[in-house]
Amino acid sequence: YMNRNLIRKIKNFLKEEKFLGYTDIVNVERTISSPLEELEKTVKQCKKCGLSKYRINAVFGEGNPKAKVMFVGEGPGYDEDRQGRPFVGKAGQLLTRILQSINLQREEVYITNVVKCRPPQNRNPRPDEINSCNPFLMMQIKTISPKIICALGTFSAQTLLKTDEKITTLRGKIYELEGIKIVPTYHPAYLLRNPDKKREVWEDMKRISKMMEDQ
Ligand code: URA
Ligand code: URA
């Protein structure tokens, strides 16, 4: 991957060329894509695991490429597969409200999933599918370089923390992974079925909010 500095230098070079009349590149900005955009193109065409056979759209993720906080869910559901965007169905609408509860807009954070393609009938993603897709998540994390990752639900928490512990055991504590704080919490779809767990998620959101102030 080209680093940002190199991309900036090339853009400036091309702008100078254009100014001097040496090239007629119309829109320099549009001709060079960022590492995250390159990765998205790769994911959209990925056939590394069987989930690619069932998808309408691979769901890469969206939000601020320089986000301080990333939210990582499990995998696309019906609506996400149709629209190609993460967390846009019922659980997604709840996630949007959870973010707003600590004054975060979807556009300022980055939202993605452990697997980028919808498992058929919304079954759980299998270990081999999670492993196939994991390099994409890791590259997103490296590129965005967030301070905090909120792991939504069992699969996200277990994948990021490389453990088999239950989400009920994992949540309530803050972990650290290569300098990034990991905050596991319940998945919004789980909250829709168990509204009595909202209080714990609210506690986790307040922790995230406080950690952002302390940055
Ligand atoms: N559930 C998830 O885990 N991810 C989505 O994108 C939507 C629902
Ligand atoms: N089970 C899950 O898969 N996720 C949760 O958040 C809680 C229970």
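For ligands, and for the atoms within them, numbers begin at 1 and follow the listed sequence.
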With a cut-off of 4.0 Å, which atoms of ligand 1 are near a heavy atom of Gly73?
3 (O)
Using a 3.5 Å distance criterion without hydrogens, assess whether the side chain of Asn64 forms a donor-acceptor pair with backbone atoms of Tyr110.
no
In ligand 1, the atoms that come under 4.0 Å of a heavy atom of Pro86 are 6 (O)
Does either side chain, that of Arg118 or that of Asn122, offer a donor lying less than 3.5 Å from an acceptor on the other one?
yes
Quick test of your reading of the model: are Lys41 and Glu38 salt-bridged, counting only N-O distances below 4.0 Å?
yes
Which option wins on minimum heavy-atom distance to atom 8 (C) of ligand 1: Phe71, Phe155, Phe87?
Phe87
Indicate, as side chain, backbone, both or neither, the part of Glu80 found under 4.0 angstrom from ligand 1 when only non-hydrogen atoms are considered.
side chain
Pick from Leu152, Asn113, Val115, Leu95: the one approaching atom 4 (N) of ligand 1 most closely through a non-hydrogen atom
Asn113
Is it the case that one hydrophobic cluster holds both Leu160 and Val59, taking links as side-chain heavy atoms less than 4.5 Å apart, direct or via other members?
no
Ion pair check, Lys173 and Glu165, cut-off under 4.0 Å:
no
Ligand 1 to His187, heavy atom cutoff 4.0 Å, flagged ligand atoms 1 (N), 2 (C), 3 (O)
Looking only at protein heavy atoms, what sits closest to atom 2 (C) of ligand 1 is Gly75 O, 3.1 Å
Would you mind checking if Asp79 and Arg82 are paired as a salt bridge, meaning a charged N to carboxylate O distance below 4.0 Å?
no
Quick note on ligand 1: atoms under 4.0 Å from a heavy atom of Glu74 include exactly 2 (C), 3 (O)
